[in-house]
Amino acid sequence: MQREHQKFVTELGDWHRSHSCGQLTINNDGEDVCLMGWVQYRRDHGGLIFVDLRDRDGLTQIVFSPDIAPAAHENAHILRSEYVLAVKGKVRPRPDGMINANMVTGQIEIVAYEWKLLNTSKTPPFPIEDRSDAGENLRLTWRYLDLRRPRMQANLRLRHKVSQAARCYLDDNGFTEVETPVLTKSTPEGARDFLVPSRLNNGEFFALPQSPQLFKQLLMVAGMERYFQIVRCFRDEDLRADRQPEFTQVDLEMSFADEEQVMGIAEGLMARVFKDVMGKELALPFPRMPWDEAMARYGVDKPDTRFGLELVDLTEIVRGSGFKLFATAQLVKGMKVPGGESMTRKEIDAFTEFVKIYGAQGLAWIKIKADEWQSPIAKFLSDEERKGIAEALDLQIGDIVFFQAGEPSMVNAALGNLRVHLGNHLKLIPENSFNFLWVTDFPLYEYNEEDKRYVACHHPFTSPAPGHMELMVTDPAKARARAYDMVLNGCEVGGGSIRIHSGEVQRRMFEALGFTPEQAEEQFGFLIQALDLGAPPHGGLAFGLDRLVMLLTSSPSIRDVIAFPKTQKATCLMTDAPSTVSSRQLRELGLRLREVPGAEQKKDGAAADKA
RNA sequence: GGAGCGGUAGUUAAGUCGGUUAUAACGCCGGCCUGUCACGCCGGAGGCCGAGGGUUCGAGUCCCUUCCGCUCCGCCA
C-alpha cells in the first residue's frame with residue numbers, strides 16, 4: 001500500500017515549518033501556519049478527514065474539508081500511520097462542543113489548504129504511542145521507532161537537561177571540562193575490561209576505561225585544580241536493569257579539597273539539577289550516615305530512607321537461647337512490620353522464597369496477637385527473651401516480626417532486601433519523594449573469597465581515614481576509607497573519595513593489596529611517579545547519569561533513558577552487534593580465534609551450518 | 001556460572017485434563033460514513049503456536065535439548 005502511495009511523495013521544496021504541533025492555541029486563531037510531522041491517527045469520515053499530526057512537541061488536529069479546500073481533501077484519504085506530512089493551513093477554533101480538553105492544542109484545529117507527503121511508512125511493527133506495551137525485544141530491534149514515542153523523547157530531553165544543568169553548574173564553579181582517552185591501559189583491579197587489539201602493536205591491547213579515574217587524578221597533578229567530564233565508561237560485567245556495559249558518569253575532581261568541599265559541590269550540583277530540571281528546591285546539606293550504621297539499621301550500604309522498617313540487632317538478647325539457630329548464630333536481626341499480623345501464610349511463604357535468593361535457609365516470623373505470640377518458633381523462646389525482643393523492637397499488638405540469623409552478610413542482605421521488597425509490597429514508599437543520603441566512612445577493604453585476599457572497597461587510590469594508615473597492614477578489615485556514596489531513594493547515584501596523593505602511601509596501598517613492588521610499578525608506575533612529583537591533595541566524585549535520570553523519570557530501567565542500549569546479553573538487537581569480523585581484519589590485528597563462531601549456532605539455527 | 005518469568009496472527013494476550021477448522025482485541029486491507037479525536041458501521045485477509053528432537057493413534061498443551069527477551073543471585077575497584 002505504502003508503495004502505491006510513493007507516487008504522492010514530493011520534495012520539501014521551499015516550505016518551512018512555522019510552528020510545532022504542540023504550540024498552537026486559541027491565541028493563534030486565524031493565522032496561516034505550516035506544520036510538519038508524522039501521522040498519528042487518521043479519522044476518515046468519507047467527507048471530512050481528521051489527521052492528528054505529531055512532532056516532538058505534541059499533537060495537532062488537521063482537518064481536510066471538501067467544502068473549504070477540495071484540492072487538499074482530494075487525496076488525503078491515502079494518509080496512513082507514520083506517513084510524514086507537511087501541511088499549510090489556517091488555525092481556527094473548533095466548533096462548539098468539539099473541544100478536546102485532553103489535548104494541549106485541543107481548542108483549535110488546522111484547516112488544510114495545501115499539503116505535501118514527504119514520505120510514506122510501512123505499517124510500524126508496533127504503534128507509536130505511550131500506551132503501547134510492545135515487548136522489549138521489539139522495542140530494541142526497532143529502537144528508532146521506540147524513540148519516536150513521546151515518553152522516550154521526554155526521557156532523552158530530560159537527560160539532556162540534566163547534563164546541561166551539570167555543565168552550567170560546574171562551569172560556574174570553576175571546573176574545566178577535559179576529555180580523557182577512550183583507548184587506554186588495562187588495569188587488573190576492578191571490573192573486567194573491554195579490550196581493543198592494537199594493529200600497530202600486535203599482541204598488545206588497549207582497554208576501554210572503566211572510568212577516567214587515573215586520568216583525572218593526573219589532571220590534578222597537572223594543576224587543572226577542578227576537572228569535570230560527562231564521560232562514557234565501560235565495564236564488561238553482567239547486566240541488570242540499572243547496569244549497562246557502557247554507561248555515563250558526570251565525573252569530577254578537585255584539588256586542595258577535603259570531603260566537605262567535594263560533598264558540598266556534589267550537593268550543589270544536585271540542587272541545581274533539581275531546580276533547573278524538576279523545578280524542585282532541595283534541602284541542603286543532605287543527611288549523612290556512616291556505613292556501619294547503614295548496615296546495622298538497613299542491612300545495605302544504600303538505604304532507602306523513604307520508609308521505616310528498620311532492622312534491629314537481637315544477637316545478644318538470644319545469645320543463650322534454647323533455640324539453637326539463634327543461640328549460635330553470628331548475627332541475629334529482626335524487622336518489625338507494624339500491622340503485619342494480618343499477613344497471610346501465602347504472603348509469608350512468598351517472602352521466604354524471596355530471602356532464599358540471598359542465601360537464607362528460611363524466614364522466621366512471629367505474629368504479635370493480643371493473647372499470644374503466634375509463630376513456629378515462639379515455643380523456643382523464654383519469657384526473658386520475649387521481653388528482650390519486645391523491648392528492642394518496641395512491639396505492639398498486631399505487628400509481625402521477621403528474623404534472620406547466621407552469617408552477617410547473609411542476614412543483612414536477606415533482611416535488607418526484604419525490607420525494600422516489603423516497602424514496595426505494602427506501598428509504604430511515598431510517590432514523588434526524593435530522599436538523598438550520604439553514606440560515609442566506608443571500609444577501606446573487603447575480603448574477596450575467590451582471590452583469598454583483601455581488595456579495595458572503593459578503588460585502590462582511595463585514601464585511608466586519618467590514623468588508619470597502620471591498620472592497612474595490621475587489621476585491614478577495620479581500616480576505614482575517606483570514601484562517600486550519594487544515595488537517592490535506595491539507589492547509589494554517586495560515589496567518590498579523597499585520593500591518596502602521596503607516592504609513599506600509594507606504594508603501601510598496593511603492598512597491602514598483595515602487589516609486589518614490581519607489579520605495582522608495571523601496572524601503576526606512571527601514577528606513583530606522578531604522585532612523587534608534587535601531587536596536590538585531591539578528591540572527587542562521579543555521578544551515574546543514567547541512574548539519576550532513571551530516577552528522575554520514574555523509569556523501570558536505565559535502558560529507558562539511554563538512546564541505544566544493549567540487551568541483557570550485551571548485544572544490540574538493532575545493529576546485531578557484536579558480530580564476527582573478516583579473517584583479514586583479524587590477521588591485521590595479529591589475532592586468531594580459538595573457536596570459530598558459527599560452528600555453533602548463534603540464533604534459532606535458521607542460518608546455522610548443519611556441519 | 002546459577003534461579004525464576006516469558007516467547008501463540010503485524011501487536012497485546014486467551015487457549016481447560018493431550019482430542020474437530022487455534023480464539024479475542026487492536027492493527028492491516030476493501031466498502032460505507034461531513035465533526036471525529038484511540039471515530040463509527042459492514043465485510044475480509046492474516047499462524048513454522050521461537051527452533052530441534054522425543055512420547056502418543058493424536059502435541060500450542062507432556063518430556064528433553066536449544067535460541068531469544070526480561071527480573072534476580074553471583075559478578076559489578
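Naming convention: chains lettered A, B, ... in sequence-line order (proteins, then strands); numbering from 1 in each chain. Since the model is a prediction, treat every value here as computed from it, not as a measurement.
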Give the rounded distance in Å between these two atoms: [atom1] of [X] and [atom2] of [N].
X: A:Asp576; N: B:C68; atom1: CG; atom2: P; result: 11 Å
X: A:Gln210; N: B:C75; atom1: CD; atom2: C1'; result: 13 Å
X: A:Arg243; N: B:U71; atom1: CZ; atom2: C1'; result: 13 Å
X: A:Lys302; N: B:C76; atom1: NZ; atom2: P; result: 14 Å
X: A:Gln244; N: B:G69; atom1: CD; atom2: P; result: 12 Å
X: A:Gln568; N: B:C67; atom1: CD; atom2: P; result: 15 Å
X: A:His421; N: B:U71; atom1: NE2; atom2: P; result: 17 Å
X: A:Arg139; N: B:G10; atom1: CZ; atom2: P; result: 21 Å

Rounding to the closest angstrom, what is the interatomic distance between [N] and [M] at atom [atom1]?
N: B:G54; M: B:A59; atom1: P; result: 12 Å
N: B:G6; M: B:G19; atom1: C1'; result: 27 Å
N: B:A25; M: B:C70; atom1: C1'; result: 24 Å
N: B:A24; M: B:G44; atom1: P; result: 12 Å
N: B:G43; M: B:U34; atom1: C1'; result: 23 Å
N: B:C49; M: B:U36; atom1: C1'; result: 39 Å
N: B:C48; M: B:G7; atom1: C1'; result: 14 Å
N: B:A38; M: B:G47; atom1: P; result: 31 Å

For [N], what is the paired nucleotide under Watson-Crick or G-U wobble rules, both distances under 3.5 Å?
N: B:G58; answer: none
N: B:A13; answer: B:U23
N: B:U71; answer: B:A3
N: B:G44; answer: B:C28

Check this for me, if you would: do [X] and [Y] make a salt bridge, where the nitrogen-to-carboxylate-oxygen distance has to be below 4.0 angstrom?
X: A:Arg80; Y: A:Glu4; result: no
X: A:Glu237; Y: A:Arg235; result: no
X: A:Arg139; Y: A:Asp560; result: yes
X: A:Asp146; Y: A:Arg143; result: yes
X: A:Arg243; Y: A:Asp238; result: no
X: A:Arg232; Y: A:Glu246; result: yes
X: A:Arg547; Y: A:Asp242; result: yes
X: A:Lys356; Y: A:Glu353; result: yes

Quiz item: Choosing from B:G69, B:G74, B:A38, which nucleotide comes nearest the side chain of A:Asp238?
Solution: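 Closest nucleotide to the A:Asp238 side chain: B:G74.
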Quiz prompt | Nearest-nucleotide pick for A:Leu573, side chain only, options being B:U71, B:C37, B:C68 | solution =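 Nearest to the side-chain atoms of A:Leu573, counting from C-beta on, is B:C68.
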side-chain N/O [X] vs [N] OP1/OP2, d < 4.0 Å:
X: A:Lys569; N: B:C68; answer: yes
X: A:Arg240; N: B:C70; answer: no
X: A:Arg559; N: B:U71; answer: yes
X: A:Arg43; N: B:U36; answer: no

Quiz item: Can you find a donor-acceptor N/O pair under 3.5 angstrom joining the side chain of A:Arg235 to the base of B:C76?
Solution: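 Donor-acceptor pair under 3.5 Å: no.
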Practice problem: Please evaluate the base of B:C37 for a donor-acceptor partner in the side chain of A:Asn100 within a cut-off of under 3.5 Å? | Solution: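 By the distance-only test, yes, there is a pair.
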Practice problem: Give A:Thr141 one of three labels, base, sugar-phosphate or nothing, depending on what nucleic acid heavy atoms sit under 4.0 Å from its own. | Solution: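 Nothing, no nucleic acid heavy atom in range.
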Side-chain donor-acceptor contact under 3.5 Å, [X] with [Y]:
X: A:Gln229; Y: A:Thr180; result: yes
X: A:Ser20; Y: A:Asp57; result: yes
X: A:Asp251; Y: A:Tyr227; result: yes

Quiz item: Are the side chain of A:Glu446 and the backbone of A:Tyr454 linked by a donor-acceptor contact shorter than 3.5 Å?
Solution: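 No, because the side chain of A:Glu446 does not come within donor-acceptor range (under 3.5 Å) of the backbone of A:Tyr454.
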Quiz item: Once the angle between the rings of A:Tyr484 and A:Trp438 is folded into 0 to 90°, is it parallel (under 30°), tilted (30 to 60°) or perpendicular (over 60°)?
Solution: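 Aromatic pair A:Tyr484/A:Trp438 classed perpendicular.
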Quiz item: If you pin A:Pro460 and A:Thr571 to their nearest nucleotides in RNA chain B, which one's is more 5'?
Solution: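 The residue whose closest nucleotide sits nearer the 5' end is A:Thr571.
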Self-check item: Residue closer to the 5' end of RNA chain B, A:Ser211 versus A:Asp52 (nearest nucleotide)
Solution: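 In this pair, the answer is A:Asp52.
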Practice problem: Indicate for each nucleotide in nucleotides 22-35 of chain B, in 5' to 3' sequence, whether protein heavy atoms under 4.0 Å reach the base (B), only the sugar-phosphate (S), or nothing (-). | Solution: -----SSSS--BBB
Grab the N/O contacts between the protein and nucleotides 11-14 of chain B below 3.5 Å, and write none if there aren't any.
residue : atom : partner  : partner atom : Å
B:U12   : OP1  : A:Gly135 : N            : 2.7

Quiz item: In residues 351-358 of chain A, what residues come within less than 4.0 Å of RNA chain B, judged by heavy atoms?
Solution: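 Within this stretch, A:Ile357, A:Tyr358 sit under 4.0 Å of the strand.
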Practice problem: For side-chain contact (heavy atoms from CB on, under 4.5 Å), just list the numbers for A:Phe461 and A:Ile500, CA-CA rounded to whole Å, side-chain angles, deciding distance to a tenth of an Å, and then say yes or no. | Solution: CA-CA 6 Å; A:Phe461 320 109; A:Ile500 296 167; 5.6 Å; no
